[in-house]
Q: 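Quick one: structure below, then a few questions.
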Amino acid sequence: MFGKLSWSAIPLHEPIPLITCMVIVAIIFGTLLLVLLKGWAPYLWKEWITSVDHKRVGVMYFLLGFIMLLRGFSDAIMMRSQLAVAYNAPGYLPPDHYDQIFSAHGTIMIFFVAMPFVIGLMNFVVPLQIGSRDVAFPTLNSVSLWLTASGVLLVNLSLGIGEFSRAGWLAYPPLSELSFSPGVGVDYYLWSLQISGIGTLLSGVNLVTTILKLRAPGMALSRMPVFSWTALASNLLIVAAFPILTATFAMLLLDRYLDFHFFTNELGGNPMMYINLIWAWGHPEVYILILPCFGVFSEVISTFSSKPLFGYRSMVMATMVICVLSFMVWLHHFFTMGAGADVNGFFGIMTMIIAVPTGVKVFNWLFTMYGGRIRFTTPILWAVGFMVTFVIGGITGVLMAVPPADFILHNSLFLIAHFHNVIIGGVVFGAFAGYTYWFPKVFGFKLHEGWGKAAFWFWFFGFYVAFMPLYVLGGMGMTRRMQHYDVAAWKPYLVVAALGAVLILCGIVCHIAQLVVSIRSRHRLADLTGDPWDGRTLEWITTSPPPVFNFAVLPNVKGEEAYWGMKQKALAAGQLAEEPIYEDIEVPRNTPTGFVTAFFSTITGFALIWHIWWLVCLGLLGAFLTFVRFAWRNEDEYRIPASEVARLDRERRRTRSAVIASGSIE
């Protein structure tokens, strides 16, 4: 009745997973108890869990990413500390558990930290920047979020029920085939990523449609902010690349469940084809993550340099060139497979060429800062730290694009250092820059600057202390995924790397402290104008936080920096423009469709992992009936009367007028 599930799936004989599970369960139940005792449950259900407002969906994405950052970083701490003590010793992590940890770390950090961070920022900011009231498909947006959360839940269930994959974060066959991984670990990996991957694909379709079809009057593509351009490029890549991932995982699932032989070593299977397909998705994925962060840095540097972005058109061109070229470099991930000099040479050259548009961006950011009145707030510290760190990562990437060099460095810690150089220095720094920059727009008050700067410096120096030694170790011949070692010369570098991880942990603690202090001081840090940074794009024209309909009247865009032009005109006149004519606004109703669909998706995924076939049928039926119920509902929108729209907008305009009268917008 319960398939492969039995009491032996609970790790009663493994203290580390068992204690971790007990702590997580205690935190979850403690949080639920607090919510119930405080009476917050109805509010959370009505205003957040069932919300289809793109702003709240974006916040929940980001919150999900931050929670999983804590989970993924705990794996990183364990790996670094294990290697610091594992010279001529077994350390404290058994090989089987260590393999699960590095597999879970990579999976969580890419799919459930970086992706939610980036998609959360795009969800919140893009509709506001392009002058839209919401995304094109609000309910689909909620479904995307909760399907991602479903994947998160399945990954974390593997910690206490069964096991996780030991085949690395990309699950290469034949190691991920049944003959080498007969347990449920690879199944947890595959089903969690299949479910969350569908959510990501739906989100990509939604945001591409939103950007192409819902821009404000007058906002031609040539007038879109750079962040919206990078979001468009990123989501085009999602739409093109994620079906490859879905199909690849589907074939591996068929191998495991129905004895197909797509990637086996026998009966015509070819494991190398899996690696070819997974990297045809995997390298565009790097740019799916980094391109929106490039957009974040463009907005931050322009705003805090008090200048228009240098070379706007070249920035847009560079973004779209990267979008195209990202599909032409994937083979550099397996130069050692024996494809031949011609193939390796082509992909090596293409990998070097894709560095050119990235270099264009770096020079444009530097020229934007040159001659500007730079305000060294926390967001621009993240931007400057990114430029220094990312350039180093790019240089090491170009080095590895040379096939002979890659033959030496392939699968070494040099590769690990390069990858983290790009992802931490680019994506994580970008996510935190965007988080700090747009936080007052989301919640109506700024984050504490002191704690924010402390978090930056801990992350910045922590990164260098943690990963620069890995470049040296890679050059010394240390390969990745080693649970212990017997080379004395490696140990000092691994101890230093572990200390770097501790510094990064201090940075995370500073983020938490910053949030707590900021909430306590929210009245002092309040943003009353909606424009705390003297911004240049349309999201700063509305209140902080924005109303559910975003804009009382859709803005009429007349230049590349739409809001900056309006603001300068108002400052010159000493007052805001004449009061517009208000109309009723239709807003989509909240719906539990996304949450309920994810609930049944989780049940289906768990049942498929453990081969509980009756539960699979029940889960699929529940998900189907949820969509049928949603399709048949009579009222999917409600109307906000013009009088209420006018009241809210007049309050905003009174506050703005007072600020203009004082002579400045802070």
Q: Working note: Leu64 + Phe112, criterion side chain to side chain contact (heavy atoms under 4.5 Å, CB included); need CA distance, chi angles, decisive distance, verdict.
A: CA-CA 8 Å; Leu64 183 68; Phe112 300 125; over 6 Å; no
Q: Please test Trp459 against Ile508 for side chain to side chain contact (heavy atoms under 4.5 Å, CB included), starting from the C-alpha separation and ending with a verdict.
A: CA-CA 8 Å; Trp459 268 95; Ile508 294 173; 3.7 Å; yes
Q: Measuring from atom CD1 of Ile101 to atom CG of Leu93, what distance do you get when rounded to the nearest 0.5 angstrom?
A: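 Spacing of CD1 (Ile101) from CG (Leu93) equals 4.5 Å.
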Q: Between Tyr92 (side chain) and Met78 (backbone), is there a donor-acceptor pair under 3.5 Å?
A: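 It does hold such a pair.
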Q: Sequence neighbours left out, what pairs pass side-chain hydrogen bond (donor to acceptor under 3.5 Å, both in side chains) with at least one residue falling in residues 317-332?
A: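 Qualifying pairs, neighbours excluded: Asn276-Trp330, His283-His332, Thr319-Lys361, His332-Thr351.
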Q: Could you pull out all donor-acceptor pairs under 3.5 Å where a side-chain atom in residues 175-196 meets a protein atom, sequence neighbours excluded?
A:
| unit_1 | atom_1 | unit_2 | atom_2 | d |
| --- | --- | --- | --- | --- |
| Ser176 | OG | Ala171 | O | 2.8 |
| Ser176 | OG | Tyr172 | O | 3.3 |
| Ser181 | OG | Leu175 | O | 2.5 |
| Asp187 | OD1 | Arg256 | NE | 2.8 |
| Asp187 | OD1 | Arg256 | NH2 | 3.4 |
| Asp187 | OD2 | Arg256 | NH2 | 3.4 |
| Tyr188 | OH | Ile161 | O | 2.8 |
| Tyr188 | OH | Trp610 | NE1 | 3.2 |
| Tyr189 | OH | Trp169 | O | 2.7 |
| Trp191 | NE1 | Tyr257 | OH | 3.0 |
| Ser192 | OG | Tyr188 | O | 2.8 |
| Ser192 | OG | Tyr189 | O | 3.0 |
| Gln194 | NE2 | Thr246 | O | 3.3 |
| Ser196 | OG | Ser192 | O | 3.0 |
| Ser196 | OG | Leu193 | O | 3.4 |

Q: In the structure I gave you, are the side-chain heavy atoms of Phe432 and Phe456 within less than 4.5 Å of one another anywhere?
A: no
Q: Counting only N and O atoms by type, is there a donor-acceptor contact under 3.5 Å from the side chain of Gln483 to the main-chain atoms of Pro94?
A: no
Q: Can you confirm whether Ser298 sits close enough to Met315 that some side-chain heavy atom of one is under 4.5 Å from a side-chain heavy atom of the other?
A: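 Yes, side chains in contact.
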Q: Would you say OH of Tyr493 has more than 12 non-hydrogen atoms from neighbouring residues, nucleotides or ligands within 6.0 angstrom?
A: no
Q: Assess whether atom CG of Asn88 is packed by more than 12 heavy atoms of other residues, nucleotides or ligands within 6.0 Å.
A: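 Check passes, neighbour count above 12.
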Q: For Phe260, which residues count as a ring pair (Phe, Tyr, Trp, His ring centres under 6.0 Å) partner, sequence neighbours excluded?
A: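 Phe262.
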Q: Within the structure provided, determine whether Phe249 and Ile278 are in side-chain contact (heavy-atom separation under 4.5 Å).
A: yes
Q: Do Met251 and Tyr274 have side chains that approach each other closer than 4.5 Å (heavy atoms only, starting at C-beta)?
A: no
Q: Not counting sequence neighbours, which residues clear ring pair (Phe, Tyr, Trp, His ring centres under 6.0 Å) with Phe390? List them please.
A: Phe294, Phe386
Q: Please check if the distance between the ring centroids of Phe111 and Trp281 is under 6.0 Å.
A: yes
Q: Just grab all the salt bridge (Lys or Arg N to Asp or Glu O under 4.0 Å) pairs involving residues 72-99, residues at least two apart or on different chains.
A: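 Every salt bridge (Lys or Arg N to Asp or Glu O under 4.0 Å) pair that includes a residue of residues 72-99, provided the two are not neighbours, is Arg71-Asp75, Asp96-Arg166.
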Q: Ring centres under 6.0 Å, that's the criterion: do Trp382 and Tyr437 meet it?
A: no
Q: For Ile288 and Met115, what are the C-alpha separation, side-chain angles and deciding distance, and is it a side chain to side chain contact (heavy atoms under 4.5 Å, CB included)?
A: CA-CA 8 Å; Ile288 288 169; Met115 288 298 289; 4.1 Å; yes
Q: In terms of ring plane angle, is the pair Trp279 and His333 parallel, tilted or perpendicular, where the classes change at 30° and 60°?
A: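 Because their plane-to-plane angle is under 30°, the rings of Trp279 and His333 count as parallel.
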Q: Any side-chain heavy-atom pair from Ser314 and Asn364 closer than 4.5 angstrom?
A: yes
Q: Does Met317 CE have over 12 foreign heavy atoms under 6.0 Å away?
A: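 At most 12 heavy atoms, drawn from other residues, nucleotides or ligands, come within 6.0 Å of this atom.
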Q: Do you know the tightest heavy-atom contact between Thr389 and Asn421?
A: O-ND2, 2.9 Å
Q: Quick check for you: to the nearest 0.5 Å, what is the distance between Cys293 atom SG and Phe227 atom CZ?
A: 8.0 Å
Q: Which heavy-atom pair separates Ser144 from Ser203 by the least distance, and what is that distance?
A: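 Taking every non-hydrogen atom into account, OG-N, 3.3 Å.
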Q: Taking only residues at least two apart or on different chains, which pairs with a member in residues 451-480 satisfy salt bridge (Lys or Arg N to Asp or Glu O under 4.0 Å)?
A: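 Every salt bridge (Lys or Arg N to Asp or Glu O under 4.0 Å) pair that includes a residue of residues 451-480, provided the two are not neighbours, is Glu449-Lys453.
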Q: Who are the ring pair (Phe, Tyr, Trp, His ring centres under 6.0 Å) partners of Tyr61, not counting sequence neighbours?
A: none
Q: Counting only heavy atoms not in Met476, do more than 12 fall under 6.0 Å of its CE?
A: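 Yes, enclosed.
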Q: State which residues pass ring pair (Phe, Tyr, Trp, His ring centres under 6.0 Å) with Tyr435; sequence neighbours excluded, sorted by chain then number.
A: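 In terms of ring pair (Phe, Tyr, Trp, His ring centres under 6.0 Å), with neighbours along the sequence ignored, Tyr435 is linked to Phe62, Phe439.
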Q: Can you list everything that forms a side-chain contact (heavy atoms from CB on, under 4.5 Å) with Leu325? Sequence neighbours excluded, please.
A: Val321, Met328, Met350, Ile353, Ile354
Q: Quick one: closest heavy-atom pair of Ile290 and Val422, and the distance?
A: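 What the structure gives for the nearest pair is CD1-O, 4.3 Å.
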Q: Just verifying a value: how many Å separate Ile609 CD1 and Leu157 CG, rounded to the nearest 0.5 Å?
A: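 Those atoms lie 8.0 Å apart.
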Q: Sequence neighbours left out, what passes side-chain contact (heavy atoms from CB on, under 4.5 Å) with Cys510? Give chain and number order.
A: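 Partners of Cys510 under the side-chain contact (heavy atoms from CB on, under 4.5 Å) test: Trp451, Ala454, Ala455, Phe458.
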Q: Please tell me if the side chains of Met122 and Asn235 come closer than 4.5 Å, counting only heavy atoms from C-beta onward.
A: yes
Q: Show the numbers, then the answer: is there a side chain to side chain contact (heavy atoms under 4.5 Å, CB included) between His97 and Ile16?
A: CA-CA 9 Å; His97 190 194; Ile16 295 176; 3.7 Å; yes
Q: With a 4.5 Å cut-off on side-chain heavy atoms, are Leu289 and Ile110 touching?
A: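 Contact flag for Ile110/Leu289 side chains = yes.
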Q: Please examine the side chains of Met369 and Met387, heavy atoms only from C-beta on, and report whether any two atoms are closer than 4.5 Å.
A: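 In contact.
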Q: Tell me which pairs pass side-chain hydrogen bond (donor to acceptor under 3.5 Å, both in side chains) where either residue lies in residues 261-272, with sequence neighbours left out.
A: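 Pairs touching residues 261-272 that pass the test: His261-Thr264.
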Q: Can you see which heavy atom on Ile301 is nearest to which on Ile380, and at what distance?
A: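 Shortest heavy-atom separation between Ile301 and Ile380 comes out as CA-CD1, 4.5 Å.
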Q: Ignoring hydrogens, what is the shortest heavy-atom contact between Gly430 and Val296? Give both atom names and the distance.
A: O-CG1, 3.6 Å
Q: Identify all side-chain donor-acceptor contacts of residues 395-420 below 3.5 Å with residues at least two apart in sequence or on another chain.
A:
| unit_1 | atom_1 | unit_2 | atom_2 | d |
| --- | --- | --- | --- | --- |
| Thr396 | OG1 | Ile392 | O | 3.3 |
| Thr396 | OG1 | Gly393 | O | 2.8 |
| Thr396 | OG1 | His418 | ND1 | 3.0 |
| Thr396 | OG1 | Tyr471 | OH | 3.2 |
| Ser412 | OG | Leu409 | O | 2.6 |
| Ser412 | OG | Phe414 | N | 3.2 |
| His418 | ND1 | Gly393 | O | 3.0 |
| His418 | ND1 | Gly397 | N | 3.4 |
| His420 | ND1 | Ile416 | O | 2.9 |

Q: Please find the pair of heavy atoms, one from Ile424 and one from Phe467, that lie closest to each other, and give the distance.
A: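 For Ile424 and Phe467, the tightest heavy-atom pair comes out as CD1-CE1, 3.5 Å.
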Q: When rounded to the nearest 0.5 angstrom, what distance separates CE in Met22 from CD1 in Ile27?
A: 12.5 Å
